[in-house]
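Quick note: residue numbers are just sequence positions, from 1. This one's a predicted model, so the numbers in the text were calculated from it and none came from an experiment.
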Amino acid sequence: MADTNLAQAVEAANDASAYDTNIKFLLADKQILARILKYAVQEFKDMAIEDIMASIGEDIEVGTKPLDAGLSNMGRINASGTEDNIPGEGKIFFDIRFTAYHKEAEMKFLINLEAQRTSDPGKLGYHLENRIIFYLARMISAQKQTEFYHSDYDNLKKVRSIWLCLDSKEDGESIEEINLSRNTVFGNKANPYDIDLMQGIIINIRGGETVKDSQNTLISMLEKLISKTSVEEKKRILTEQYGMIMTTGLEGRIRTMCNWSEAIMEQGIAEGMKQGMKQGMKQGMKQGMEQGMKQGMEQGMEQGIEKGIKKERIHAIERMIQANLTKEQIMSCGYTEDEFTEAESILYANA
């Protein structure tokens, strides 16, 4: 099975559009999930990593279809639409869904993990907290006729929705919890029943190469995982500092994620420089002066690089459409409405 994982990673490395997909598959590795549960979900904090890994079910689903996840000796990952569609309520798409069974507490957890580029309401058009509550509510309501039947509400399973936000400022790393609370506003009635059925967790991590190492173990690990550090350095850090085993599946996803992030920019710059040189020479010759030539080349290269990057982004969207991703999934990767429309029109024109 290891060869299957490696072959898929090598094959996928030619496709820059799969970068966001591979981040999700990387996060869905049981070794990563176990550490997220230990350091972000209170019920698992006293468990050993190995025990948490054993508690995670074989039903890990990643909400995207561009490549098959294959198998690793650390656990199965299923490529799936992870689509939740309730008539009259619309569709939602989960990034990663899985179950974990806490043996000591004899308790099953339904868990959802989302990778979010931004938590800024100005960019999202809504407050992320409201979306988290909506996801939690759907994870609860979806249990009827699956986890419990008729009026057996005490058999509801606990749900945890974990949101990994990637746009915190240099001093903005944090872990937040959103919980139900119960308060007696009149009288002295004791309320012994613990209503910890649903909880949202927001993990805010930072990007950039100059941020200081976080004092939080989980945030530090995640920031290193998505950093621009080389593949070999990431492997060394994850192995030596966090005790991970470099299966071919995990190693392949780390390598392709690092390569893909550079591929779009490199292709865009190369194309832009080529166009910029031509345009700059043309403008410079028209002006007929050395200064004009220099200015023309600078302007042309700048415009050319911009056009080149845009061209690669459009190509990436085209490949995702061909891979049967929905518009919602593509837009969640940071592409604009105009870019999606342009890519779609190109595909239809060439059909």
>> My understanding is that only one of Asp152, Asn155, Leu156, Leu110 makes a side chain to side chain contact (heavy atoms under 4.5 Å, CB included) with Glu147; could you say which?
In response: Leu110
>> Can you tell me how far apart CE (Met244) and CG (Leu225) are? Round to the nearest 0.5 Å.
In response: 7.0 Å
> Are Tyr101 and Ile162 connected, step by step, through hydrophobic side chains (Ile, Leu, Val, Met, Phe, Trp, Tyr) whose heavy atoms are closer than 4.5 Å?
Replying inline: no
>> Run the salt bridge (Lys or Arg N to Asp or Glu O under 4.0 Å) test against Asp171 and tell me which residues pass, sequence neighbours left out.
In response: none
> For Leu33 and Leu113, which heavy atoms make the closest approach, and how far apart are they?
Replying inline: CD2-CD2, 3.8 Å
> Would one find more than 12 heavy atoms of other residues, nucleotides or ligands at under 6.0 Å from atom CD of Glu104?
Replying inline: no
> Can you tell me if NZ on Lys169 sees more than 12 non-hydrogen neighbours from other groups inside 6.0 Å?
Replying inline: no
> Is Glu170 paired with Arg206 through a side-chain N to carboxylate O contact shorter than 4.0 Å?
Replying inline: no
> If every non-hydrogen atom of Leu27 is compared with every non-hydrogen atom of Ala115, which pair is closest and at what distance?
Replying inline: CD1-CB, 4.1 Å
>> Can you give me the closest heavy-atom contact between Met221 and Leu238, atom names plus distance?
In response: CG-CD2, 4.2 Å
>> If I take atom CG from residue Leu128 and atom OG1 from residue Thr118, how far apart are they, to the nearest 0.5 angstrom?
In response: 9.0 Å
>> What I'd like to find out is whether the side chain of Thr217 reaches to under 4.5 Å of the side chain of Tyr242, using heavy atoms alone.
In response: yes
>> Among residues at least two apart in sequence or on other chains, which ones pass ring-ring contact (aromatic ring centres under 6.0 Å, His included) with Tyr153?
In response: Phe148
> Could Glu223 and Lys212 be called an ion pair, given the rule that one side-chain N must be under 4.0 Å from one carboxylate O?
Replying inline: no
>> Quick one: does any side-chain atom of Thr239 pair with a main-chain N or O of Arg236 as donor and acceptor, under 3.5 Å?
In response: no
>> side-chain contact (heavy atoms from CB on, under 4.5 Å), that's the test. Do Met139 and Met198 meet it? Break it down for me.
In response: CA-CA 9 Å; Met139 291 169 72; Met198 51 198 290; over 6 Å; no
> Can you check side-chain contact (heavy atoms from CB on, under 4.5 Å) on Ile202 and Ser119, steps first, answer last?
Replying inline: CA-CA 10 Å; Ile202 304 174; Ser119 57; 5.9 Å; no
> Out of curiosity, does Leu197 fall in the hydrophobic cluster containing Tyr149 (side-chain heavy atoms, cut-off under 4.5 Å, transitive links)?
Replying inline: no
> Just how far is it from atom CG of Leu136 to atom OG of Ser161, taken to the nearest 0.5 Å?
Replying inline: 5.0 Å
> Hey, mind stepping through Gln116 and Cys165 against side-chain contact (heavy atoms from CB on, under 4.5 Å) and telling me if it holds?
Replying inline: CA-CA 5 Å; Gln116 187 76 11; Cys165 298; 4.1 Å; yes
> Between Lys327 and Glu344, is the closest basic N to carboxylate O distance under 4.0 Å?
Replying inline: no
> Got a donor-acceptor contact below 3.5 angstrom from the Gln31 side chain to the Ile245 backbone?
Replying inline: yes
>> For Lys224, is there an ion pair with Asp213 - N to carboxylate O distance below 4.0 angstrom?
In response: yes
>> Please tell me whether Arg313 and Tyr335 have a donor and an acceptor in their side chains that are separated by less than 3.5 angstrom.
In response: no
> Would a distance-only check, ignoring hydrogens and angles, find a side-chain to backbone donor-acceptor pair under 3.5 Å from Ser345 to Glu342?
Replying inline: yes
>> Distance check, rounded to the nearest 0.5 Å: Asn179 atom CG versus Asp196 atom CG?
In response: 8.5 Å
>> Main chain of Asp95, side chain of Glu114: is a donor-acceptor contact present, judged purely on distance under 3.5 Å?
In response: yes
> For Tyr135 and Asn112, which heavy atoms make the closest approach, and how far apart are they?
Replying inline: CD2-OD1, 3.7 Å
> Does the pair Phe98 and Leu37 meet the rule for a side-chain contact (heavy atoms from CB on, under 4.5 Å), with working shown?
Replying inline: CA-CA 12 Å; Phe98 63 101; Leu37 292 182; 4.0 Å; yes
> By ring-ring contact (aromatic ring centres under 6.0 Å, His included), which residues pair with Phe44, not counting sequence neighbours?
Replying inline: His102, Phe109
> Short question: side chain of Asn216, backbone of Leu218 - any donor-acceptor pair under 3.5 Å?
Replying inline: yes
> Would a 4.5 Å heavy-atom cut-off, applied to side chains only, mark Arg160 and Glu177 as touching?
Replying inline: no
>> Let me confirm one number: the CD1-OG distance from Ile175 to Ser214, rounded to the nearest 0.5 Å.
In response: 8.0 Å
>> Between Lys158 (side chain only) and Met107 (backbone N and O only), is there a donor and an acceptor less than 3.5 Å apart?
In response: no
>> Please give me the minimum heavy-atom distance between Ile203 and Ala40, naming the atom from each residue.
In response: CD1-CB, 4.1 Å
> Are there more than 12 heavy atoms of other residues, nucleotides or ligands under 6.0 Å from atom NZ of Lys157?
Replying inline: yes
> Roughly how far, to the nearest 0.5 Å, is the CD1 atom of Ile201 from the CD1 atom of Ile36?
Replying inline: 10.0 Å
>> Testing the basics here: between Ser181 and Asn183, what is the closest heavy-atom pair and its distance to 0.1 Å?
In response: OG-ND2, 3.9 Å
> For Met47, does its backbone N or O pair with a side-chain atom of Lys38 as donor and acceptor, under 3.5 Å?
Replying inline: yes
